[in-house]
Peer 1: 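Pasting a structure here, questions to come.
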Amino acid sequence: MTVKMYVKHAYNPSLTLKLKDHIPIMLKQIKPVNSFPPTLQFFKPEHIEPFKELDKVGEFTVEFMLVVTELMAIQDKTNYPEGSLTESLYKDFGVKDRFQVIQKTVLKRFR
């Protein structure tokens with residue numbers, strides 16, 4: 001999802017960075033699960049309202065991005081409780097060179 005956020009960042013950098021700041025708040029609330037399918041632990045429809053403007057660009061809506069990011073975080077916390085790659089990707093977004101962040105995202109798939 002971090003790669004998709006760069007499209008939104010090109011359209012509205014300040015709003016995208018606010019969305020980026022929302023995600024670590026969510027990630028801190030996520031707990032491992034032992035049931036399937038997992039249920040969302042943090043997302044509420046009102047979370048998308050401040051970011052609706054970003055739905056004008058990119059192939060994914062903010063709602064989709066937040067829900068998928070939460071589901072991936074649940075999976076990460078369940079399978080890799082000591083891992084922090086997802087959190088580090090969002091921490092690096094907008095701060096580090098985008099190619100470093102994208103490379104970290106791509107390399108994660110090959111681990």
Peer 1: Can a donor-acceptor pair be found, under 3.5 Å and without considering hydrogens, that links the side chain of Lys77 to the backbone of Leu27?
Peer 2: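 Looks like yes, one N/O pair under 3.5 Å.
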
Peer 1: Could you tell me how the ring of Phe42 sits relative to the ring of His22: parallel (under 30°), tilted (30 to 60°) or perpendicular (over 60°)?
Peer 2: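 Tilted, since the angle between the ring planes falls between 30° and 60°.
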
Peer 1: Any ion pair linking Lys52 and Asp55 (charged N to carboxylate O, less than 4.0 Å)?
Peer 2: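 Result for this pair is yes, salt bridge flagged.
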
Peer 1: Would you please name every residue forming a salt bridge (charged side-chain N to carboxylate O under 4.0 Å, His left out) with Glu53, sequence neighbours left out?
Peer 2: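 Counting only residues at least two positions away or on another chain, Glu53 forms a salt bridge (charged side-chain N to carboxylate O under 4.0 Å, His left out) with Lys56.
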
Peer 1: Taking all heavy atoms of Thr78 and all of Pro32, pick out the closest pair and write down the distance.
Peer 2: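 Minimum heavy-atom separation between Thr78 and Pro32: OG1-CA, 3.5 Å.
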
Peer 1: Would you indicate whether the side-chain heavy atoms of Thr61 and Leu66 approach each other to under 4.5 Å?
Peer 2: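 When only atoms from C-beta onward are counted, Thr61 and Leu66 do not touch, as no gap falls below 4.5 Å.
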
Peer 1: Has the side chain of Lys31 got a donor or acceptor atom that lies under 3.5 Å from a matching backbone atom of Gln41?
Peer 2: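 No, Lys31 side chain to Gln41 backbone: no donor-acceptor pair under 3.5 Å.
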
Peer 1: Tell me if a side-chain donor or acceptor on Glu63 pairs with a main-chain N or O of Pro45 at a distance below 3.5 Å.
Peer 2: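 Flag not set: sc Glu63 to bb Pro45 has no pair under 3.5 Å.
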
Peer 1: Can you give me the closest heavy-atom contact between Asn12 and Leu15, atom names plus distance?
Peer 2: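 Asn12 and Leu15 have their closest heavy atoms at OD1-N, 3.0 Å.
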
Peer 1: What heavy-atom pair brings Thr69 and Met26 nearest, and what distance separates the two atoms?
Peer 2: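 In this case the closest contact between Thr69 and Met26 is CG2-CE, 3.5 Å.
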
Peer 1: Enter the distance from Leu54:CG to Lys18:NZ here, rounded to the nearest 0.5 Å.
Peer 2: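 With rounding to 0.5 Å, CG (Leu54) is 10.5 Å from NZ (Lys18).
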
Peer 1: Hey, does Thr16 have a side-chain heavy atom less than 4.5 Å from the side chain of Tyr6?
Peer 2: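 Contact flag for Tyr6/Thr16 side chains = no.
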
